[in-house]
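Below you'll find the structure, written out as C-alpha cells, and then a few comments.
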Amino acid sequence: MKRVFSGIQPSGEIHIGNYLGAIKNWIALGERLGKDAIFAIVDYHAITQAYDPALLARRTFEAALANIAAGLDPERVILFVQSQVPEHTELAWVFTTQTPVGDLTRMTQYKDKAARQSFVGAGLLMYPVLQAADILLYKADTVPVGEDQLQHIELTREIARRFNARFGATFPEPQAQLNKDAPRVPGIDGKAKMSKSVGNTIGILEAPDAIWEKLRTAPTDPARVRRSDPGEPTRCLIWRYHTYFSPAPLVREVIEPECRRAGIGCVECKRMLFDSMMKELGPIQERAAELRARPERVSEALEAGREQAAAIAEPVMEEVREKIGLLRPGARPWKPAG
Ligand code: AQP
C-alpha cells in the first residue's frame with residue numbers, strides 16, 4: 001500500500017455508519033501513511049441528490065469538522081474539499097468518454113437512489129465516474145470504504161484498465177479496503193443500511209438525548225414481546241450495535257447470555273449500549289465543540305489540504321491531457337518542415 005484516497009459526502013450529518021465503516025479506518029491509515037493518506041469532503045457528489053444550496057457550504061465545513069473531531073489529524077494527512085481542486089471534474093469528464101453507459105446503469109447504488117427520487121439527474125448516473133476520478137487523480141492504490149462502495153471501486157479498476165490500455169500505463173488499479181468489523185452498519189430502522197439520504201442515522205455529533213430517544217424506540221428481536229421472553233441476540237439490532245461499541249467481554253459474558261435467558265430486558269440492554277456509545281462519542285463531541293469555538297482551525301486545515309492535494313493532482317491531470325492528445329497551450333502539433 002503506497003497511497004490511499006477516500007471521500008465522504010456532505011449530504012447530511014456524519015453518522016456512526018460513516019464513522020465505523022470508513023473514518024476509523026482512515027484515522028489508522030493516516031497514522032501509518034501520513035501525507036499519502038488523502039481524504040476529501042466530496043461536495044460535487046452531494047449535489048447529485050436533492051439538496052439545499054443554502055446549506056451545502058455549512059454541511060461541507062461541518063463534515064470536515066466532524067472528521068477532525070473524530071480523530072483525523074489534518075496536520076498528518078491531507079484533508080480537503082473536492083470542488084476546490086478542479087482537476088477532479090476535469091478528469092471525470094475524460095473518464096466519461098471511456099466508460100460504457102451500461103456499466104453505469106447496472107450500479108446498485110444508482111438504481112436504489114434513482115428509485116427514491118422523482119428527478120434523476122445524469123449526475124447520479126455519472127457519480128461512480130467522478131468517484132473514479134477522485135481516486136485515480138492521486139494514483140491511489142487503496143480505497144478504504146464501506147461495503148456499499150465495492151461495486152464502484154470495481155468500476156474504478158475497470159476505468160483505470162481501459163485508460164491504460166488505450167493511452168499507456170498511467171493509473172494503478174486500486175483495491176478497496178473494508179473495515180472488517182463494520183463493513184455495513186444497519187440503520188436505526190433495523191432495515192436498510194444506515195444512510196444519510198434514508199434518514200435512519202445516528203449522528204456522531206447528535207445530542208445525547210436525541211441518540212437515547214432513537215435507541216429507546218429502535219426495534220429489537222421480534223420474538224421478545226414480553227420482558228420474560230428469551231431473545232436471540234444475533235437477530236437484534238441493539239446487539240449488533242453493542243458489538244461496535246461495547247467491550248467484547250461485556251457482549252460475550254453479559255449481553256448475549258442475559259438476553260437469551262431473559263435476564264435483562266431490552267430497555268436495560270439499550271441503556272448499556274447508550275453508555276458504551278457515549279463513552280466513544282462523548283470525547284468526539286467535546287472536540288467538536290472546541291473546534292466550533294475556533295472554526296479558523298478547520299478553515300486553515302482545509303486550505304493547507306487544498307494546496308497539498310492540488311500539488312499532486314495538477315501534474316497527474318497534465319499527464320492525462322498530454323496522453324489523450326489535447327493541444328497544450330503554446331504547443332504546435334507538428335514539427336516545422338526541413
Ligand atoms: N451504513 C454504513 N456502513 C458502513 N460504511 C458506510 N459508509 C456509508 N454508510 C455506511 C461509508 O462511509 C463512507 C462515506 O460515505 P458517503 O457519505 O460518501 O456515501 P454513502 O456511502 O452513500 O453514505 P450515505 O450515508 O448512504 O450517504 P447518502 O445517503 O447521501 O448517499 C464510504 O466509504 C461509505 O462506504
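Keep in mind that this is a model prediction, so the values were computed, not measured. Ligands are counted one by one from 1 in listed order, and the atoms in each one are counted from 1 as well.
- The shell of residues lying under 4.0 angstrom from ligand 1, judged by heavy atoms, excludes Glu147.
- Looking only at heavy atoms of the protein, atom 13 (C) of ligand 1 is closest to Ala22 CB, 3.7 Å.
- Evaluated for a side chain to side chain donor-acceptor pair (under 3.5 Å) with Thr201, the options Glu13, His15, Glu206 yield exactly one hit, Glu13.
- With ligand atoms numbered from 1 in the order given, ligand 1 contributes 9 (N), 25 (O) to contacts under 4.0 Å with heavy atoms of His15.
- The closest donor-acceptor contact from the side chain of Asn179 to the backbone of Gly146 lies at 3.5 Å or more, if one exists at all.
- Taking a 4.0 Å cut-off on heavy atoms, His45 fails to register as neighbouring ligand 1.
- Contacts with ligand 1 closer than 4.0 Å are made by backbone heavy atoms (N, CA, C, O) of Pro183 only, the side chain lying farther away.
- Using a cutoff of 4.0 Å between basic side-chain nitrogens and carboxylate oxygens, Arg261 and Glu258 are scored as salt-bridged.
- Residue contacts with ligand 1: Gly187 is excluded, as none of its non-hydrogen atoms falls under 4.0 Å.
- Using a 4.0 Å cut-off between heavy atoms, Ala182 contacts ligand 1 through its backbone alone, with no side-chain atom that close.
- In terms of protein heavy-atom proximity, atom 27 (O) of ligand 1 is closest to Lys196 NZ, 3.3 Å.
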Verdict with supporting geometry, Phe5 and Phe39, ring pair (Phe, Tyr, Trp, His ring centres under 6.0 Å)
CA-CA 6 Å; Phe5 176 93; Phe39 305 107; 7.7 Å; no
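- Ranked by closest heavy atom to atom 22 (O) of ligand 1, the top entry among Gln9, Glu13, Gln49, Gln177 is Gln9.
- In the vicinity of Val145, heavy-atom distances shorter than 4.0 Å reach the ligand 1 atoms 33 (O), 35 (O).
- Of all protein heavy atoms, the one lying nearest to atom 12 (O) of ligand 1 is Asn18 ND2, 3.1 Å.
- Scanning the protein for heavy atoms near atom 5 (N) of ligand 1, the closest one is Gly17 O, 3.3 Å.
- Between the side chain of Arg162 and the backbone N or O of Gln98, at least one donor-acceptor pair lies under 3.5 Å.
- Considering backbone and side-chain N/O of Val198, none are found under 3.5 Å from N/O of ligand 1.
- Nearest non-hydrogen protein atom to atom 30 (O) of ligand 1 is Ser11 OG, 2.6 Å.
- Short contacts between ligand 1 and Lys113, defined as distances under 4.0 Å to a heavy atom of the residue, involve ligand atoms 22 (O), 28 (P), 31 (O).
- Ion pairing between a basic and an acidic side chain is recognised when a charged N comes within 4.0 Å of a carboxylate O; Glu318 and Arg321 show such pairing.
- Between Asp148 and Lys193, at least one side-chain nitrogen of the basic residue sits less than 4.0 Å from a carboxylate oxygen of the acidic one, meeting the salt-bridge criterion.
- Residue-ligand proximity, Gly7 to ligand 1, at heavy-atom distances under 4.0 Å covers atoms 14 (C), 18 (O).
- Between Tyr110 and Tyr127, the distance separating the two ring centers is not shorter than 6.0 angstrom.
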